[in-house]
Amino acid sequence: MEEKHQALNLDKTKYGPQRTLARRADVAGFGFWTGKDVLLEFLPAPENYGIRFSRTGSDEEPVPALLAYRAEKPHQSSLMNGAVRFDMVEHVLAALAGEQIDNCLVQINGQEMPGIDGSARPFSDAIRAAGIRTQNAPRRLRVLTAPVCIEGDWGRIEALPSERGEIAYRYELDYSRHENAPSSLQKQSFEITFYADGAQNADRLFEAEVAPSRTFLTSAEAYALLDLGLCRRVTPRDALVFGPEGPIDNSLRYNDECARHKVLDMMGDFSLGGALLVAKIRACCSGHVQNAALLKKILEQTSVI
């Protein structure tokens with residue numbers, strides 16, 4: 001008999017069973033912030049294990065990818081338990097969420113995830129190449145049943161219940177208030193819906209429309225980071241750096257690539273709820289801090305089913 005969720009008469013089988021990797025997948029690169037070379041490994045994990053991060057060769061307990069372990073750090077999402085910290089995890093988490101991986105141990109021989117090209121595609125490609133193994137347990141879900149919203153001078157972000165059990169993200173980007181922002185960053189938006197017709201092709205949709213979108217910043221922001229001694233190994237070929245005329249020494253993969261990357265970040269950040277969030281997320285000018293604040297409110301009114 002199909003399991004139903006009373007609030008939406010939701011059929012859990014629509015989202016498929018839990019999944020893990022068929023075998024280990026490796027991704028090598030350097031951290032954008034620190035410039036240090038690192039090797040990341042995606043390892044298969046048993047049912048209901050969730051996503052956890054561990055240091056290669058360490059006997060310390062892995063850090064769960066849950067909001068309770070989120071550490072405040074500017075312009076990124078980090079996880080920390082005691083003295084153990086993992087930085088820039090959002091693109092890795094987005095790839096796992098986009099590929100519908102529920103259970104995985106992420107092992108890395110450093111603190112910061114490899115930046116590669118500033119997108120989730122290298123991680124997504126590695127997972128796909130390793131193969132995906134279906135497990136027996138049903139996927140863990142959080143179903144939003146009442147609207148949740150936060151807003152301020154920065155903008156607004158809200159989560160709305162999903163009428164048909166779909167999962168949707170919309171992001172509106174507006175750099176018009178930034179001094180000397182290029183026209184290509186002034187205003188753009190992107191919206192995508194997953195699981196409208198079940199789990200089929202949700203991962204392929206992510207791979208085609210979200211995973212390749214890259215981290216971006218203005219040239220002024222880039223120079224400010226360099227002045228702080230950060231990101232010295234990163235060039236405009238590694239991420240989108242916008243000058244007055246558009247990307248420097250690079251070209252866009254989508255006209256709305258920056259808005260798409262914000263959706264990528266949201267997918268990674270909202271996976272810290274420890275289950276697939278069945279809701280519609282709409283955001284304007286928000287970032288990692290606001291994603292975490294909204295997720296905290298969502299966790300207060302939902303439970304895992």
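Sequence positions, counted from 1, serve as the residue numbers for this chain.
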With a 4.0 Å cut-off on N to O distance, would you call Arg70 and Asp269 a salt bridge? no
What I'd like to find out is whether the side chain of Gln301 reaches to under 4.5 Å of the side chain of Leu144, using heavy atoms alone. yes
Tell me whether the count of non-hydrogen atoms from other residues, nucleotides or ligands lying under 6.0 Å of CD in Glu61 goes above 12. no
Any side-chain donor-acceptor pair under 3.5 Å between Thr34 and Glu112? yes
Angle between ring planes, Phe42 versus Phe123, binned at 30° and 60°: parallel, tilted or perpendicular? perpendicular
Aromatic plane relationship, Tyr195 with Tyr15 - under 30° parallel, 30 to 60° tilted, over 60° perpendicular: tilted
What heavy-atom pair brings Glu158 and Leu294 nearest, and what distance separates the two atoms? C-CD2, 3.9 Å
Are any non-hydrogen side-chain atoms of Ile157 and Asn291 less than 4.5 angstrom apart? yes
Any side-chain heavy atom of Lys280 within less than 4.5 Å of one from Glu163? yes
Under 4.5 Å between any side-chain heavy atoms of Ser78 and Asp87, yes or no? yes
Glu207/Arg204 salt bridge by N-O under 4.0 Å criterion: yes
Ion pair present between Lys262 and Glu172, side-chain N to carboxylate O less than 4.0 angstrom? no
Are Leu93 and Ser77 close enough that some pair of their side-chain heavy atoms sits under 4.5 Å apart? no
For the residue pair Cys104 and Leu21, what are the closest heavy atoms and their distance? SG-CD1, 3.9 Å
Using 30° and 60° as the class boundaries, would you call the ring planes of Phe194 and Phe206 parallel, tilted or perpendicular? tilted
Using 30° and 60° as the class boundaries, would you call the ring planes of Phe53 and Phe86 parallel, tilted or perpendicular? tilted
Residue Lys296 excluded, over 12 heavy atoms near NZ under 6.0 Å: no
Do you know the tightest heavy-atom contact between Asp117 and Ser119? OD1-OG, 2.8 Å
Minimum heavy-atom separation for Ala275 and Arg140, please, with both atom names. CB-O, 3.3 Å
Salt bridge or not between Arg139 and Asp102? Use side-chain N to carboxylate O under 4.0 Å. yes
Stepwise salt bridge (charged side-chain N to carboxylate O under 4.0 Å, His left out) check, Arg128 with Asp203: CA-CA 10 Å; Arg128 175 67 61 182; Asp203 46 7; 2.9 Å; yes
In terms of heavy-atom contacts, Tyr49 and Pro62 come closest through OH-CG, 3.9 Å
So do the side chains of Met113 and Ile108 get within less than 4.5 Å of each other, counting heavy atoms only? yes
